[in-house]
Amino acid sequence: MSKTIPIVSAAEAATAAVTTAIDGDGMGCHAGGEKMLAAARASGKSEVLAQYAKDYPVSPAAGPHDQPQSMCPAFGALRVGLRMRRTATILSGSACCVYGLTFTSHFYGAKRSVGYVPFNSESLVTGKLFEDIRESVYNQADPAHYDAIVIINLCVPTASGVPLQLLPKDINGVRIIGIDVPGFGVPTHAEAKDVLAGAMLKYAREEIMAGPVQAPRTGRSDKPTITLLGEMFPADPVIIGRMLEPMGIAAGPVVPTREWRELYAALDCAAVAAIHPFYTASIREFEHAGRPIVGSAPVGHDGTEAWLQAIGTVANVPQAKIDMVKNTMLPAIKGGLARMPIKGRITLSGYEGSELLVARLLVESGADLRYVGTACPRTPWSQSDCEWLESHGVHVQYRASLEQDLAAMHEWQPDLAIGTTPVVQAAKELSIPSLYFTNLISARPLMGPAGAGSLAQVINGAIANKSRFAEMKAFFGEAGTGASAGVWESAQGVPQDRPEFKAETRRLLEKQTKKRKAEAMI
Ligand code: SF4
């Protein structure tokens, strides 16, 4: 393994030609980004794709599953819809995509049905699919049950130009939100959350401009509020609220919101805290509403100090009050970090968008953190986190690929690898303790005094397991690796690797591809 991490700068990565396209696969999931983008543009989706290219920059050549190598991005938008009260969510896409998405939603505890409008080649090309979608939306639009219906175009309907924008904006008082979330235009499920949150904020902002709207169910806050951008651990908004209270301000709603009328309250704020920095479309809506945006988050001592100052300044809080809060919170955070130190070398990667915040907390807890990779892009709202980490010797990789995350792990030989499922699997094969970022790290409080020390127990526990990995490796030997994975009796024969079969298959596939190309030229 190379001792140099093949790290590609964000600018270079944007032009690198990577693709998982399969020649001759038609206009399906493996057609590749260029083909699908071209088809989508030709069918009237240029404007929305141009906006996505600006909001969520990636290599223009990358296909649905190239960027990053993770689950279907549309899951992010689906999840936001499924978590909202009185909101129905309908998918329009290939059955295999919809199967995967509904499976994942229910795996993650969705308690709602996912609507689906099926199609075949005929209904797709004749425009009947759009009529079917329109019919299903009319059938569902019952104001007694719903405030809003969300329809999500997946890859194939987007590439085919199914015109959700032609749906009525409102049916019987139920808002209709049609969005395109193709994997070849929206790279991560994190950013797909922004596509829907941004579309809803836009709709709600236009409603506010048109006249009076519903107040929040709990009434309007009597203090100026700070809207919190990004799905976070449920205790975090409460902790943030406690830190803001002595400054005379309150924590506002968390966006993505859990019900429609919270959108109005979110827009009715003094400022927006972009806790997760990738909500580009949502931030655009807040900026249209004249709301100032503050990046980073109150994590660790330095992060909390800077964040309280920035929020206090933007909300016109007198400096004496800001200092008073700092004087209470910062020693408590320092004490918490010192009581629960983290000892060991760590590499960290994920696709949630909170990776840089977790990284800051790890460094302040004493961890020897060498690398943080995030599948999300660089934005102004994580700039201070990036600079802080780099000044503490951490390599920050935006739009990190799996290969980069793995190379970092091989390079630094950490005591613990925190990462996505394939990184964790690769680490375990090497007897390196590892933790899955989404379930085990991002599902913990990170903010203010509650965040200080909250990661230490799980991380130190995992690092302490190193010797168990070595014991297991010694016990199992080569069982469970390569072609002979599993337990075999030699009497029945142990499976042997047959590289010559693989080479022959590859040769036949290459021959077939050449033949197809030659035929296409005739
Ligand atoms: S909709 Fe999702 S699962 Fe289907 S091809 Fe696109 S990215 Fe893949």
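Both counts, for ligands and for their atoms, begin at 1 and track the order of listing.
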Item to check | Ion pair Glu411/Arg370, N-O distance below 4.0 Å | outcome: no

Checklist entry - Which atoms from ligand 1 have a heavy atom of Pro73 less than 4.0 Å away? => result 7 (S)

Checklist entry - So does Tyr108 have more than 12 non-hydrogen atoms from other groups sitting under 6.0 Å from OH? => result yes

Next on the checklist: Using a 4.0 Å cut-off to any heavy atom of Leu154, which atoms of ligand 1 qualify?
Outcome noted: 1 (S)

Item to check | salt_bridge(Asp55, Arg284) N-O dist < 4.0 Å | outcome: yes

Checklist entry - Does any N, O or S atom in Cys97 come within less than 2.8 Å of atom 6 (Fe) of ligand 1? => result no

Next on the checklist: Any carboxylate oxygen within less than 4.0 angstrom of a Lys/Arg side-chain nitrogen, looking at Arg507 and Glu504?
Outcome noted: yes

